[in-house]
Amino acid sequence: MKRILIVGQNFSTLTDYLSEKGYDYIVLKDINRTKFPDKKLKRRVVCDFSSRESILKVVHGITEPIDAVIATYENYILPASWIASDLGLPGISPASAEACTDKFLMRSLFAEAPEPVSPDFAIVKNEETLRTFAASHEFPLMLKPANLAKSLLVTKNHNLDELLANYRRTMDQIVSVYQKYSPSRSPSLLVEEFLDGSTHSVDAFTGQDGEPHVLKQVIDYETGFDIGFDDNFTYSRLLPSKLSKDDQAALRHVAAVGIKALGITSAPSHVEIIMTKKGPRIIEIGARNGGYRERMHGIANGIDITGNALNLTLGKPVELRATRNDSCATLELLPKTPGTFTGITNEDALKDLPSLNYYSVKAMPGQYVGKAADGYKMCAIIILHNADKAQFDRDLQWVNDNVYAATVAD
């Protein structure tokens, strides 16, 4: 029986999958995310993730043989690469893993690619950096952390005054947000060109030979800005894509170029891309399956995303052939107005929708909720799926028109 080491943080659908497929597993659990670290559990080993040395010391103390290493959360991509490298197992190299979790390194490698793949950028050291960059670039400009996920602290700035104001506010929040969501990383900010165009994502699987196998299925995004929010979170992920076949091919091409520029091997990737007037430009590449992809590509396309990611860690080939092309959407609800969360509107009717596949409320009534730009995460997740496109379209439109995270001002 093959034994998989899950690094940092686990989710139940992964362990259920491993058990169903006949794998054994051990979770190398981050002590900072463990409620009862002293409690002994059969398949859990608690670890201090503050350094490479502390991680490998715990791994070397595991007596059972490890056949593969996998990480499903951004914060643990680099630790997983250290472990795989130390154990001589297939995995992304530490250098590539670091580039995939630090946008400054990522943008620097993209700049060396054989064709344009990403926006111009600068690392922010102080306000003078922002003034200098703004003097040679057109607004709007994006201000974002170099190594956080979920659009946390990301702002779109339309003039210099707004850019400087958001910088000051971000600097007031950045330490606490990093401590909460990325305690092992040092806070870092980038300023970069705003890419005007539609947002999309594609997943890929790259083996030990470094050749990316990019899914044909492109996912279309809607951001908070697209639906009238002053916030740059991802509101919806939609299959199948509405782009032309030529544009989808261009997205897959630039995704492969970006993956090769980062030197990714033996790892899945999700590539977020803007389709601009000058062609596709990469926002970022993560060395893991994209959010909700296991469920979306499974129910809409019949593709085993988790199984393919495991195959890479075991040095096996992947199988990306789709057996269907259904409609599917994942929606993340954040409040339009920060305040005290009171619930999800029209919840009972939502639960009766023919296309509802999954629904989960993450916020508690009475909890303060706010923008992703201020470090807050979603209040609820909705996944819709239907082989009947007309029914799916009706249900999606109804959700867009009637379902949102309700708040009252404090």
Side-chain angles (χ1 to χ4, degrees), residues 7-8 49 51-52 55 69-86 89-125 142 144-154 178 181-193 195 201-214 251 253-274 280-291 309 312-313:
V7 179
F49 276 78
S51 72
R52 181 179 181 275
I55 294 168
V69 180
I70 190 168
T72 55
Y73 290 86
E74 202 78 27
N75 293 349
Y76 305 110
I77 299 298
L78 183 56
S81 75
W82 291 334
I83 296 168
S85 177
D86 183 79
L89 296 172
I92 187 172
S93 72
S96 292
E98 193 167 5
C100 287
T101 54
D102 188 307
K103 293 182 181 67
F104 174 70
L105 297 176
M106 184 184 298
R107 296 282 189 266
S108 299
L109 291 173
F110 285 161
E112 299 176 7
E115 58 189 88
V117 296
S118 70
D120 195 14
F121 71 99
I123 194 78
V124 180
K125 297 180 180 180
M142 302 300 296
K144 61 178 62 176
N147 41 24
L148 284 180
K150 288 289 181 186
S151 300
L152 296 173
L153 302 181
V154 176
Y178 267 79
Y181 295 114
S182 190
S184 63
R185 306 305 292 267
S186 298
S188 178
L189 277 178
L190 295 180
V191 60
E192 64 182 34
E193 293 177 304
L195 297 174
S201 181
V202 66
D203 281 63
F205 297 84
T206 307
Q208 291 172 294
D209 62 356
E211 191 61 38
H213 299 272
V214 183
L251 285 175
H253 169 74
V254 80
V257 173
I259 289 168
K260 289 181 178 180
L262 299 185
I264 294 174
T265 58
S266 299
S269 307
H270 74 278
V271 188
E272 296 185 0
I273 306 170
I274 302 287
R281 296 291 185 268
I282 297 173
I283 305 171
E284 64 181 7
I285 296 179
R288 58 177 175 82
N289 297 330
L312 293 179
T313 67

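Side-chain atoms are counted along with the backbone in the values below, which use heavy atoms only and exclude waters and symmetry mates.
Residue Gln208 comes nearest to Pro90 through the heavy atom pair NE2-CG, 3.8 Å, listed as atom of the first residue, atom of the second, then distance. Shown here for Leu189 and Ile123, the closest heavy-atom pair between the two residues is O-CD1, 3.4 Å. Nearest approach of Ala113 to Val257, heavy atoms of both residues: CB-CG1, 4.1 Å. Closest approach of Pro280 to Leu251, counting heavy atoms only: CB-CD2, 3.7 Å. Nearest heavy-atom pair across Pro145 and Val154 is CD-CG2, 4.1 Å. Nearest heavy-atom pair across Ile285 and Ala255 is CD1-O, 4.5 Å.
When only modelled atom types and interatomic distance are considered, Asn75 and Tyr181 share no side-chain donor-acceptor pair under 3.5 Å.
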message: Run the side chain to side chain contact (heavy atoms under 4.5 Å, CB included) test on Ser201 and Val271 for me, step by step, so that the C-alpha distance in whole Å, both residues' side-chain angles and the decisive distance to 0.1 Å come before the verdict.
response: CA-CA 5 Å; Ser201 181; Val271 188; 5.7 Å; no

message: Run the side chain to side chain contact (heavy atoms under 4.5 Å, CB included) test on Lys144 and Ile283 for me, step by step, so that the C-alpha distance in whole Å, both residues' side-chain angles and the decisive distance to 0.1 Å come before the verdict.
response: CA-CA 11 Å; Lys144 61 178 62 176; Ile283 305 171; 3.9 Å; yes

task: Any chance you could lay out the salt bridge (charged side-chain N to carboxylate O under 4.0 Å, His left out) test for Lys103 and Glu192, step after step, and finish with the verdict?
output: CA-CA 11 Å; Lys103 293 182 181 67; Glu192 64 182 34; over 6 Å; no

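A distance of 11.5 Å separates CD1 in Ile273 from CG in Leu195, rounded to the nearest 0.5 Å. To the nearest 0.5 angstrom, Glu284 atom CD is 12.0 Å from Ser269 atom OG. To the nearest 0.5 angstrom, Leu89 atom CG is 12.5 Å from Ser81 atom OG. Atom OG1 of Thr101 sits about 8.5 Å away from atom CD1 of Ile92, to the nearest 0.5 Å. A distance of 11.0 Å separates CD1 of Ile282 from CD of Glu272, quoted to the nearest 0.5 Å. The CZ atom of Phe104 sits 8.0 Å away from atom CG of Leu190, with the distance rounded to the nearest 0.5 Å.
Counting only heavy atoms from C-beta outward, the side chains of Val191 and Phe121 never approach each other to under 4.5 Å. In this structure, the side chains of Ser266 and Thr313 stay at 4.5 Å or more apart for every pair of heavy atoms. Counting heavy atoms from C-beta outward, Asn289 and Phe205 have side chains that approach closer than 4.5 Å. The shortest side-chain heavy-atom distance between Leu109 and Arg107 does not fall under the 4.5 Å cut-off. Inter-residue side-chain proximity for Val7 and Ile70 is flagged as unmet; no heavy-atom pair is nearer than 4.5 Å. Using a 4.5 Å heavy-atom threshold, the side chains of Leu105 and Glu98 count as touching.
A donor-acceptor contact shorter than 3.5 Å is absent between the side chain of Thr265 and the backbone of Gly207. Judged purely by atom type and a 3.5 angstrom limit, His270 uses its side chain to pair as donor or acceptor with the backbone of Arg288. Proximity of a side-chain donor or acceptor of Ser96 to a complementary backbone N or O of Ser93 within less than 3.5 Å is not detected. Of the possible donor and acceptor atoms, none in the side chain of Ser182 sits under 3.5 Å from a partner among the backbone N and O of Tyr178.
Looking at Glu193 and Arg281, no side-chain N of the basic residue comes within less than 4.0 Å of a carboxylate O on the acidic one, giving no salt bridge.
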